[in-house]
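To start, the structure itself, in structure tokens.
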Amino acid sequence: MDFINRWILIIKPKEPFLNWLKSIPGHDPELTLTELREDPTTILIPELEDDDDEVDEFINKNCKTIFESELLSSDKNKAYWPKNLTIEVLREWFEIISSSIVLDFLDQDIEKNYI
């Protein structure tokens, strides 16, 4: 088992995101927040100081990329996306949890698949 020189952000949808998703044609109107949060996005980020301010700074700086990633994974039609992808809306729509403990339990190379 090895420590990885990264931190993670876990992006968990909140009720406003669910409401937006349900408003888009073709999405399951019966989807629940519990179901939506079962498999949240996890993002590897650079190692940071053990400091909430630095985590917040990273999230603020990468707000649009994080937001677009979440929207894209749910609906590719940008016409339905909210117009203001601000940090305030990101935090209203998603709970963001950070962790500095990233362990690799496997003894094999990590593969990257580019999207």
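Although no hydrogens or angles enter the test, the distance criterion places a donor-acceptor pair under 3.5 Å between the side chain of Glu54 and the main chain of Glu49. Using modelled atom types, one side-chain atom of Arg37 and one backbone atom of Pro13 make a donor-acceptor pair closer than 3.5 Å. Lys12 contributes no side-chain N or O that, together with a main-chain N or O of Pro40, makes up a donor-acceptor pair within less than 3.5 Å. Side chain of Lys22 to main chain of Leu31: a donor-acceptor pair is present (N/O by atom type, distance under 3.5 Å, no hydrogens or angles). Side chain of Trp7 to backbone of Val102: no donor-acceptor contact under 3.5 angstrom is found. Side chain of Asn84 to main chain of Thr86: no donor-acceptor pair is present (N/O by atom type, distance under 3.5 Å, no hydrogens or angles).
Rounding to the nearest 0.5 Å gives a distance of 10.5 Å between NZ of Lys61 and OG1 of Thr65. Note that the CG atom of Asp2 and the CD1 atom of Ile4 stand 6.5 Å from one another [nearest 0.5 Å]. In this structure, OG in Ser69 is found 11.0 Å from CG in Asn62, a value given to the nearest 0.5 Å. Summarising the geometry, atom OH belonging to Tyr80 is positioned 7.5 Å from atom CG belonging to Asp75; distances are rounded to the nearest 0.5 Å. The distance from atom CG of Leu48 to atom OG of Ser98, rounded to the nearest 0.5 Å, is 8.0 Å. Of the inter-residue distances, the one linking Glu70 atom CD with Ile11 atom CD1 reads 6.0 Å to the nearest 0.5 angstrom.
Side-chain contact between Arg91 and Asp56 is present, with at least one heavy-atom pair separated by less than 4.5 Å. Side-chain contact between Glu15 and Asn19: present, with at least one pair of heavy atoms (C-beta onward) separated by less than 4.5 Å.
The shortest heavy-atom contact between Trp81 and Leu72 is CZ2-N, 3.6 Å. Between Ile96 and Leu9, the closest heavy-atom pair is CG2-CD2, 4.1 Å. The two residues Leu85 and Cys63 come nearest to each other via the heavy atoms O-SG, 3.7 Å. Nearest heavy atom pair, residue Leu106 against residue Asp104, reads N-OD1, 3.0 Å.
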Would you check, one step at a time, whether the test side-chain contact (heavy atoms from CB on, under 4.5 Å) holds for Phe17 with Leu33? CA-CA 9 Å; Phe17 179 80; Leu33 190 56; over 6 Å; no
Give the intermediate values and the outcome of side-chain contact (heavy atoms from CB on, under 4.5 Å) for residues Phe94 and Ile66. CA-CA 10 Å; Phe94 300 97; Ile66 295 168; over 6 Å; no
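Under a hydrophobic clustering in which Ile, Leu, Val, Met, Phe, Trp and Tyr are joined whenever their side-chain heavy atoms come within less than 4.5 Å, directly or via other members, Phe105 and Phe3 fall into the same cluster. Note on Leu44 and Ile97: same hydrophobic cluster, where clusters join Ile, Leu, Val, Met, Phe, Trp and Tyr whose side-chain heavy atoms are under 4.5 Å apart, directly or indirectly. Side-chain heavy atoms closer than 4.5 Å link hydrophobic residues (I, L, V, M, F, W, Y) into clusters, and following such links, even through other members, never connects Leu90 to Ile8. Both Ile24 and Leu36 sit in one connected hydrophobic cluster of ILVMFWY residues. Membership requires side-chain heavy atoms under 4.5 Å apart, directly or through other members. No chain of hydrophobic side-chain contacts below 4.5 Å, direct or via other Ile, Leu, Val, Met, Phe, Trp or Tyr residues, connects Ile43 to Ile10.
Taking the ring centroids of Phe67 and Trp93, they lie under the 6.0 Å cut-off.
In the model, Glu47 has no side-chain atom that pairs as donor or acceptor with a side-chain atom of Ser100 under 3.5 Å.
The 12-atom threshold is not exceeded at CG of Asp52, counting heavy atoms of other residues, nucleotides or ligands nearer than 6.0 Å. Atom NZ of Lys112 is surrounded by 12 or fewer heavy atoms from other residues, nucleotides or ligands within 6.0 Å. Within a 6.0 Å radius of CG in Leu103, more than 12 heavy atoms belonging to other residues, nucleotides or ligands are found.
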